Amino acid sequence: MRTHTGEKPFRCEECSRQFSELSHLKRHIKSHTGEKPYRCEECGKQFRELGNLKRHMRTHTGEKPYKCEECSKEFSVLCNLKKHMQTHAGERPYKCEECGRQFSVLGNLNGHIRTHTGEKLYECDDCSKRFSELCNLKSHMRTHTGEKPYRCDECSKQFSQLCNLKRHMKTHTSEKPFKSQSKDNRTAPEIPGGGNLALSETDRVTLQELVDYRLHPEAVKRQRKTMNTNRAEAFTTVSLKLFLSP
């Protein structure tokens with residue numbers, strides 16, 4: 001009946017917060033004492049609540065008991081399934097008054113608002129670093145615990161961050177992440193038209209300058225400052241020939 005009457009007879013002596021259920025008060029008190037009686041046998045991480053330990057265990061077992069009826073996607077936590085379901089409905093009833101951005105979940109709006117206020121509610125117990133988003137704190141905590149909940153289905157390698165797993169998955173597919181070439185390892189560009197391009201000996205010297213320009217642009221720019229007018233025009237002429245060649 002207290003859910004209807006609003007009665008909250010159980011009060012925390014530490015902070016005066018009130019609760020309708022004694023069990024809720026006992027759970028709250030642990031936030032003051034720092035007591036974490038529930039320990040993961042797999043990695044040693046400790047929790048204040050048994051339910052939190054059970055959810056955590058799924059990161060080791062890979063169990064995902066909550067399934068979306070729309071697309072069959074599975075989740076280890078019920079709240080994540082509920083959030084996901086709103087992506088199918090397309091409903092975004094929560095709007096930021098600051099910038100007009102809309103959200104399907106109230107918690108996402110609240111987290112977004114902190115990007116405007118700069119508020120950081122979530123603090124790491126190990127190093128006191130603070131975060132505006134709970135998910136960012138959880139991600140950060142793995143740097144302390146060494147937990148790696150994201151596993152590659154191909155080779156069983158594990159990662160602490162989902163983005164790292166996604167990047168790793170590309171090593172199993174034909175998709176290759178972009179790699180920039182160092183200046184020393186760059187290869188000369190192919191010449192349009194191959195060996196059929198009609199160039200005079202002077203043009204070929206200038207062509208080599210063009211290739212050098214592709215490989216070492218800053219050095220050639222300095223050199224061009226000392227060119228006389230005829231050499232500068234030759235440089236431009238060969239550039240046009242290359243551009244217009246079939």
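Just so it is clear, the model here is predicted, and its values are computed rather than measured.
- Sequence neighbours left out, not one pair with a member in residues 63-81 passes side chain to side chain donor-acceptor pair (under 3.5 Å).
- When every heavy atom of H116 is checked against every heavy atom of C99, the shortest pair comes out as NE2-SG, 3.6 Å.
- The line from CG of L50 to CZ of R55 is 10.0 Å long, rounded to the nearest 0.5 Å.
- In terms of heavy-atom proximity, E21 sits nearest to F10 at C-CD1, 3.6 Å.
- F47 and M57 fall within a single hydrophobic cluster, where Ile, Leu, Val, Met, Phe, Trp and Tyr side chains are chained together by heavy-atom contacts under 4.5 Å.
- Atom NE2 of H28 sits about 3.5 Å away from atom SG of C12, to the nearest 0.5 Å.
- Taken from CZ in R101 to OG1 in T115, the straight-line distance is 8.0 Å, to the nearest 0.5 Å.
- The hydrophobic cluster around I113 extends to Y94, F103, L106, L109, counting ILVMFWY residues whose side-chain heavy atoms fall within less than 4.5 Å of a member.
- Rounding to the nearest 0.5 Å places NZ of K45 at 9.5 Å from CG of N52.
- For the atom pair H168 NE2 and F159 CZ, the distance stands at 4.5 Å (nearest 0.5 Å).
- Here the side chains of C71 and H88 are in contact, with some heavy-atom distance below 4.5 Å.
- At distances below 3.5 Å, at least one donor-acceptor pair connects side-chain atoms of Q161 with backbone N or O atoms of S139.
- Partners of H24 by ring pair (Phe, Tyr, Trp, His ring centres under 6.0 Å), not counting sequence neighbours: none found.
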Would you mind writing out the side-chain donor-acceptor pairs for residues 117-126 within the sub-3.5 Å range, not counting sequence neighbours?
| from | atom 1 | to | atom 2 | distance (Å) |
| --- | --- | --- | --- | --- |
| T117 | OG1 | E119 | N | 3.3 |
| E123 | OE1 | R130 | NH1 | 2.6 |
| E123 | OE2 | S128 | OG | 3.4 |

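- Taking 4.5 Å as the limit, some side-chain heavy atom of L162 sits within range of a side-chain heavy atom of K166.
- R142 and S160 make their closest contact through NH1-O, 2.8 Å (heavy atoms, listed as atom of the first residue, atom of the second, distance).
- Using a 4.5 Å heavy-atom cutoff, the side chains of H140 and F131 are in contact.
- To the nearest 0.5 angstrom, C15 atom SG is 9.0 Å from I29 atom CD1.
- Residues C155 and H172 meet the side-chain proximity criterion, which asks for heavy atoms closer than 4.5 Å.
- F75 pairs by the ring pair (Phe, Tyr, Trp, His ring centres under 6.0 Å) definition with H84, not counting sequence neighbours.
- Taking all atoms of both residues into account, the shortest heavy-atom contact from H56 to C40 is NE2-SG, 3.4 Å.
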Check against side chain to side chain contact (heavy atoms under 4.5 Å, CB included), H144 and C127 | CA-CA 9 Å; H144 297 297; C127 66; 3.5 Å; yes
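- Among pairs with a residue in residues 148-157, none fulfils salt bridge (charged side-chain N to carboxylate O under 4.0 Å, His left out), at least two apart in sequence or across chains.
- Using a 4.5 Å cut-off on side-chain heavy atoms (C-beta onward), Q46 and P37 make no contact.
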